[in-house]
Amino acid sequence: MKNFAEKLKKALKDKGVKQKELAVRIGMSEAGLIKMIANGSVQVETLERICEELQLPITYFLEVDIKPEGFWKKLVEDTMEELNQWKIRAYKAESQLTQSGNFKYVSRRQGVLASMA
């Protein structure tokens with residue numbers, strides 16, 4: 001995977017996580033993680049665990065050179081706009097639920113509402 005080591009190093013620095021800590025959190029030895037980084041070869045399952053632990057989208061590490069054109073470009077733009085609108089609605093709903101006192105918290109990651117009762 002091209003630039004994997006550089007991207008991982010930057011992500012670790014940005015998140016304030018040490019390489020050894022990441023290795024433990026994803027169930028690898030530090031030596032195994034170092035070897036994987038040096039080879040630039042990572043299994044999809046391991047990449048998913050890294051992304052989950054660092055709270056990054058998997059696309060952070062992937063090189064995507066496809067640029068949509070015409071109809072597809074418009075479809076992607078419309079989808080992204082709709083996604084942004086849903087995010088805004090979700091944040092508003094979270095704020096209303098939190099302020100109402102009926103719910104202890106709203107977990108965006110797991111999509112769970114915890115009742116105070």
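Along the sequence shown, the residues carry numbers beginning at 1. Values below: every heavy atom of this structure, side chains too, minus hydrogens, waters and symmetry copies.
Few gaps surround CD on Q85; more than 12 heavy atoms of other groups in view lie less than 6.0 Å from it. Residue K74 qualifies as open at atom NZ: its count of foreign heavy atoms under 6.0 Å is 12 or below.
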- Between M36 and L33, is a side-chain contact (heavy atoms from CB on, under 4.5 Å) present by the stated rule, with each step listed? CA-CA 5 Å; M36 181 188 73; L33 181 62; 3.3 Å; yes
- Item | Worked check of side-chain contact (heavy atoms from CB on, under 4.5 Å) between R49 and E45 | CA-CA 6 Å; R49 287 194 313 251; E45 182 180 309; 2.9 Å; yes
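Salt-bridge formation is not detected for the pair K10/E6: no Lys NZ or Arg NE/NH1/NH2 atom is positioned less than 4.0 Å from an Asp or Glu carboxylate oxygen.
A distance of 10.0 Å separates CH2 of W72 from OG1 of T79, quoted to the nearest 0.5 Å. For the atom pair M28 CE and L22 CG, the distance stands at 9.0 Å (nearest 0.5 Å). To the nearest 0.5 Å, atom NZ of residue K18 and atom CZ of residue R25 are 13.0 Å apart. With rounding to the nearest 0.5 Å, the separation of CG in L62 from CD1 in I58 is 5.5 Å.
The shortest heavy-atom contact between K15 and L54 is CE-O, 2.9 Å. Considering every non-hydrogen atom in both Y60 and K7, the closest pair reads OH-O, 3.1 Å. Looking at every heavy atom in both residues, C51 comes nearest to P57 through SG-O, 3.9 Å. Annotation for A5 and I37: closest pair CB-CG2, 3.5 Å, computed over non-hydrogen atoms.
Listed by first then second residue, pairs satisfying side chain to side chain donor-acceptor pair (under 3.5 Å) with a partner in residues 28-38 number zero, not counting sequence neighbours.
Hydrophobic clustering (side-chain heavy atoms under 4.5 Å, transitive across Ile, Leu, Val, Met, Phe, Trp, Tyr) keeps I34 apart from F61.
Considering only heavy atoms from C-beta on, V17 stays 4.5 Å or farther from E53 through its side chain.
Among L47, N3, I50, the single residue meeting the side chain to side chain contact (heavy atoms under 4.5 Å, CB included) criterion with L8 is I50.
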